[in-house]
Amino acid sequence: MRIAMVSEHASPLATVGSVDAGGQNVHVAALSKALAADGHQVTVYTRRDSAELPRRVGFGPGVEVVHIDAGPPTRIPKDDLLPHMPQLAEGIAADWESRGAPEVVHSHFWMSGLAALGAVESLPQERIPVVHTFHALGSVKRRFQGAADTSPTARRWLEPHVGSRAAAIVATSTDEVLELGRMDIATGKVRVVPCGVDPSAFSASGPSVPKDVRHRILSVGRLVPRKGVDIAIDALARLVKAGEDAELVVLGSSGGSAEADPEIARLKESARASGVEERVRFMGQVDQVELPRWYRSADVVVCTPWYEPFGIVPLEAMGCGVPVVAAAVGGLRDTVVDEGTGLLVPPFDADATAAAISRLFDDDELRSELGRAGRERVSTKYTWQQVAHETAEVYGRLAGTTPVRHETTPAAHAATHAPHATTRAPHEAPALGGVYQ
Ligand code: UDP
């Protein structure tokens with residue numbers, strides 16, 4: 001199948017672990033590669049954020065990344081990207097006009113949904129189905145961040161609009177389905193397909209970063225306040241006060257070097273105020289290939305976000321055989337099995353987080369049993385191959401009933417003239433043009 005991915009701000013080529021580059025980049029990169037490994041042809045469209053980038057870049061067999069001009073070719077915070085989505089849509093449609101349209105489009109994050117729908121609706125031939133993954137929802141962000149949410153106001157109505165117009169939605173957690181229902185999006189077209197992990201990269205055996213203390217707690221993620229690293233710091237302070245010889249290592253940044261990072265400066269201040277400045281180490285953004293060494297070195301990985309749409313970090317920890325102490329929110333309630341692969345604690349609760357970590361510190365057997373079960377869980381349920389198979393099923397169901405006329409390859413011809421192919425009813429709603437300007 002010819003698949004177009006649209007990921008406006010999150011390029012699969014970007015280095016992840018800073019403010020606007022994290023799970024979505026990992027998801028788009030790994031899903032595209034896994035789909036290509038199954039014989040699909042994948043083109044990822046993303047916004048050009050540097051003048052140096054070539055227009056088309058090969059990203060492994062069967063996957064290419066196309067940089068589309070949409071706004072100035074510099075890094076722009078994702079919350080300022082909305083005005084550039086019409087240009088992104090035009091650029092994608094132009095690429096399809098010259099190179100042939102895909103059979104299905106999969107857009108990631110609400111603004112990519114606008115660009116994908118805009119591109120599809122601008123073409124003269126019948127509609128290509130748009131499958132959408134939100135990755136994060138503005139309604140949830142507003143609930144937790146209030147005035148600190150810098151998303152454009154129009155996200156309030158454009159995000160549900162994308163949900164209503166998409167032919168199918170791939171949600172990454174069961175919690176997200178509830179949230180979509182609250183937004184009045186028909187949940188009948190939603191299928192839950194989680195994110196994945198590569199268990200051969202995130203594995204229990206291999207090198208590990210040495211430690212000078214008895215116990216290491218690890219936190220990994222983009223450093224944004226909602227990841228709740230303060231709660232992990234407070235938990236560490238309680239543990240140290242209770243006599244534990246422990247440290248908290250924090251991987252990730254909010255942009256730039258660890259020394260100049262404002263969020264690291266804020267968290268350092270929080271550690272100082274709690275009396276554990278010497279026991280919290282900020283390593284800044286760490287490359288994905290270096291991460292397994294860090295995970296393996298930890299006694300426990302802690303994830304205490306305010307909310308979490310999915311959360312790939314716990315899967316990476318489980319892949320490396322390390323138990324996870326996680327706040328019982330969002331996708332973490334699907335992935336972390338309480339008393340099975342980790343311990344779930346109430347959100348915003350440093351006492352409960354410290355108690356759970358302490359239990360694991362004190363019980364070597366429990367730690368290794370949860371770690372072993374975590375490894376088994378990701379290897380059987382969360383590989384990118386499985387994610388790709390389940391996602392391709394969603395594509396197949398839609399593309400099988402939606403002929404795309406201007407495909408010319410024999411395979412595409414056969415697919416679009418399959419005996420069961422039927423013509424899809426045209427969309428009743430007006431085209432997007434202008435809605436999001
Ligand atoms: N990450 C990384 N280096 C860092 C910090 C984070 O490579 O220094 C990666 C992490 O391994 C994970 C991703 O960023 O793959 C974060 O994804 P997650 O779903 O946990 O959070 P999101 O970014 O979607 O909020």
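Atoms within a ligand are numbered from 1 in the order they appear, just like the ligands themselves. Nothing here was measured: the structure is a model prediction, and the numbers come from that model.
Ranking protein heavy atoms by distance to atom 21 (O) of ligand 1, first place goes to Lys227 NZ, 3.1 Å. Summary of contacts: the protein heavy atom closest to atom 16 (C) of ligand 1 is Gly23 N, 3.6 Å. Atom 6 (C) of ligand 1 has Gly17 CA, 3.6 Å as its closest protein atom, hydrogens excluded (heavy atom only). Ranking protein heavy atoms by distance to atom 8 (O) of ligand 1, first place goes to Val286 N, 2.8 Å. The closest protein non-hydrogen atom to atom 9 (C) of ligand 1 is Gln288 NE2, 3.4 Å. Glu316 OE2, 3.5 Å is the protein heavy atom nearest to atom 12 (C) of ligand 1.
Close approach of ligand 1 to Gly311 (heavy-atom distance below 4.0 Å) involves ligand atoms 19 (O), 20 (O). Ligand 1 places these atoms under 4.0 Å from at least one heavy atom of Arg226: 25 (O). In summary, the atoms of ligand 1 found under 4.0 Å from a heavy atom of Arg222, numbered by their order in the structure, are 22 (P), 23 (O), 25 (O). Listed by number with element, the atoms of ligand 1 under 4.0 Å from a non-hydrogen atom of Leu291 are 2 (C), 7 (O), 11 (O). Under a 4.0 Å criterion applied to the non-hydrogen atoms of Val26, ligand 1 contributes the atoms 15 (O). Ligand-side atoms of ligand 1 in range of Gln285: 8 (O), range being under 4.0 angstrom from any heavy atom. Close contacts between ligand 1 and Val220 involve ligand atoms 5 (C), 6 (C) [criterion: under 4.0 Å to a heavy atom].
By the 4.5 Å heavy-atom criterion applied to side chains, Val324 and Val322 are not counted as neighbours.
Ring-plane geometry between Phe144 and Phe348 is classed as parallel, the angle between the planes falling under 30 degrees on a 0 to 90 degree scale with a further cut at 60.
Here Arg155 does not pair with Asp79 in a salt bridge; the nearest charged N to carboxylate O distance is not below 4.0 Å. Taking a cutoff of 4.0 Å between a charged side-chain nitrogen and a carboxylate oxygen, Arg359 and Glu339 qualify as a salt bridge.
The main-chain N or O of Ser254 is found under 3.5 Å from a side-chain atom of Asp261 such that the two form a donor-acceptor pair.
In Arg182, the CZ atom is not crowded: 12 or fewer heavy atoms of neighbouring residues, nucleotides or ligands sit closer than 6.0 Å.
In summary, the side chains of Ser151 and Asp149 do present a donor paired with an acceptor at a separation below 3.5 Å, with no hydrogens or angles considered. A donor-acceptor contact closer than 3.5 angstrom links the side chains of Asp334 and Thr174.
For a threshold of 3.5 Å applied to N or O pairs, the pair formed by Ile312 and ligand 1 contains at least one separation below that value.
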Does the pair Trp294 and Val220 meet the rule for a side-chain contact (heavy atoms from CB on, under 4.5 Å), with working shown? CA-CA 9 Å; Trp294 281 105; Val220 182; over 6 Å; no
